[in-house]
Visitor: 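Below you'll find the structure I mean.
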Amino acid sequence: MRFGKLFCAWICVLVFAGPVHAQATRTWVSGVGDDANPCSRTAPCKTFAGAISKTAAGGVINTLDGGGFGAVTITKAITIEADGAGTASVLASGTNGIVVNAPAGSMVYLRGLQIEGAGTGLSGVLVLGGDVHIEDCVIQNFRGNPGVGINSQGNVTSRVFIARSSIMGNKVGIRVTATAPSPVPIQDTIIDRNQDYGIQGIGVNAVFSLNRSTVLGSPVNISAPAPAKVQSFGNNAIVAIEAGTVLTPISLQ
């Protein structure tokens with residue numbers, strides 16, 4: 001009789017225990033996906049937020065096709081990459097688009113995304129921790145409060161890298177507020193028609209390094225009074241620099 005009870009209890013555990021899924025190193029999202037799916041290529045998720053919980057640290061979230069994949073908070077090393085057909089968009093009306101608050105040394109890559117603030121968004125990419133690489137992205141129309149395209153408020157180890165992107169129509173294109181020197185390389189990027197500032201360093205030791213980039217269309221395109229620094233490789237188009245901002249030429253090595 002005792003054996004029978006134990007056997008029944010064991011069977012009940014097998015029947016009623018939920019399945020355990022390991023996090024995958026690569027997941028997928030689709031405009032016609034479902035977050036109840038395992039985020040595999042054949043059963044993709046619908047949103048980045050749905051996929052990130054099923055993706056291991058250091059893993060990759062890929063898009064299979066175009067769609068609106070929603071705002072997301074990132075707390076670990078990860079890559080979000082749009083390499084499918086169509087536009088991979090994040091609509092962030094009245095909120096932040098992508099918040100990165102990863103541990104020191106965590107590498108976060110955002111590639112090929114269109115992050116849209118619709119005139120009321122807060123920040124397109126808000127960086128609170130981790131090293132963030134923003135490549136081939138469009139970040140536009142963030143004009144809520146604070147209304148910043150790329151808003152870096154990271155800790156002393158955070159860094160932001162920007163390449164081949166367009167940052168337009170925000171209150172501020174790029175803003176860096178940091179407690180220690182924070183290099184921000186900006187390469188092959190257009191920063192245009194932001195309402196107040198194109199690039200802004202607020203009382204910080206930010207070091208903006210510009211290479212083959214265009215900054216124009218704002219009342220003040222670069223505001224980075226000392227101790228912030230702006231370095232140019234001499235191959236940029238820049239106008240309307242705020243008084244007190246020193247543009248330091250550096251040569252290509």
Visitor: Do you reckon L113 sits in the same ILVMFWY cluster as I139, going by side-chain contacts under 4.5 Å, direct or chained?
Guide: yes

Visitor: Is the backbone of V176 close enough, under 3.5 Å, to the side chain of S152 for a donor and an acceptor to pair up by distance?
Guide: no

Visitor: Show, in sequence, the C-alpha distance, side-chain angles and deciding distance for R212 and D188, and conclude whether the salt bridge (charged side-chain N to carboxylate O under 4.0 Å, His left out) test is met.
Guide: CA-CA 5 Å; R212 298 193 303 269; D188 298 306; 2.8 Å; yes

Visitor: Does the side chain of R111 reach to within under 4.5 Å of the side chain of D83, using non-hydrogen atoms?
Guide: no

Visitor: Can you find a pair of side-chain heavy atoms, one from I80 and one from V72, that are under 4.5 Å apart?
Guide: yes

Visitor: Test side chain to side chain contact (heavy atoms under 4.5 Å, CB included) on I222 and L210; report intermediate values, then the result.
Guide: CA-CA 11 Å; I222 297 181; L210 297 169; 3.9 Å; yes

Visitor: Tell me whether Q23 contacts the main-chain N or O of S53 through its side chain, where contact means a donor paired with an acceptor under 3.5 Å.
Guide: yes

Visitor: Pick from N141, V138, I167, I98: which one makes a side-chain contact (heavy atoms from CB on, under 4.5 Å) with I115?
Guide: I98

Visitor: In this structure, which one of I150, I174, N211 forms a side-chain contact (heavy atoms from CB on, under 4.5 Å) with I186?
Guide: I174

Visitor: Any side-chain heavy atom of Q153 sitting closer than 4.5 Å to one from S158?
Guide: no

Visitor: Taking C-beta and beyond as the side chain, do V108 and L110 meet within less than 4.5 Å on heavy atoms?
Guide: yes

Visitor: Under a 3.5 Å cutoff, is there a donor and acceptor pairing between the side chains of T189 and S213?
Guide: no

Visitor: In terms of hydrophobic clusters joined by side-chain contacts under 4.5 Å, are I134 and Y109 together?
Guide: no

Visitor: Taking disulfide (SG to SG under 2.5 Å) as the definition, give me every residue that meets it alongside C137, ordered by chain and number, with sequence neighbours left out.
Guide: none

Visitor: Does A163 offer a backbone N or O that forms a donor-acceptor pair with the side chain of S165 under 3.5 Å?
Guide: yes

Visitor: Does this structure show an ion pair linking K171 with D196, if we count only N-O contacts that are shorter than 4.0 Å?
Guide: no

Visitor: Which atoms form the tightest heavy-atom contact between A51 and C39, and what is the distance?
Guide: CA-SG, 3.7 Å

Visitor: If the condition is salt bridge (charged side-chain N to carboxylate O under 4.0 Å, His left out), which residues does R41 pass it with, not counting sequence neighbours?
Guide: none

Visitor: Is there a continuous path of hydrophobic side-chain contacts, each under 4.5 Å between heavy atoms, that joins V90 to V148?
Guide: no

Visitor: Checking the side chain of S232 only, and the main-chain atoms of G234 only, is there a donor and an acceptor separated by less than 3.5 Å?
Guide: yes

Visitor: Do I61 and V29 touch side chain to side chain, with heavy atoms closer than 4.5 Å?
Guide: yes

Visitor: Quick one: ring pair (Phe, Tyr, Trp, His ring centres under 6.0 Å) partners of F69, sequence neighbours excluded?
Guide: F48

Visitor: Does the side chain of L122 come within less than 4.5 Å of P146's, by heavy atoms?
Guide: yes

Visitor: Quick one about S223 and Q200 (side-chain donor to acceptor, distance below 3.5 Å, no hydrogens or angles considered), yes or no?
Guide: no

Visitor: Should I52 and V100 be regarded as members of a common hydrophobic cluster, given that ILVMFWY residues are connected when their side-chain heavy atoms come within less than 4.5 Å of each other, either directly or indirectly?
Guide: yes

Visitor: Within the structure provided, determine whether V172 and N194 are in side-chain contact (heavy-atom separation under 4.5 Å).
Guide: no

Visitor: Side-chain contact, heavy-atom cut-off 4.5 Å: S166 with Q140?
Guide: no

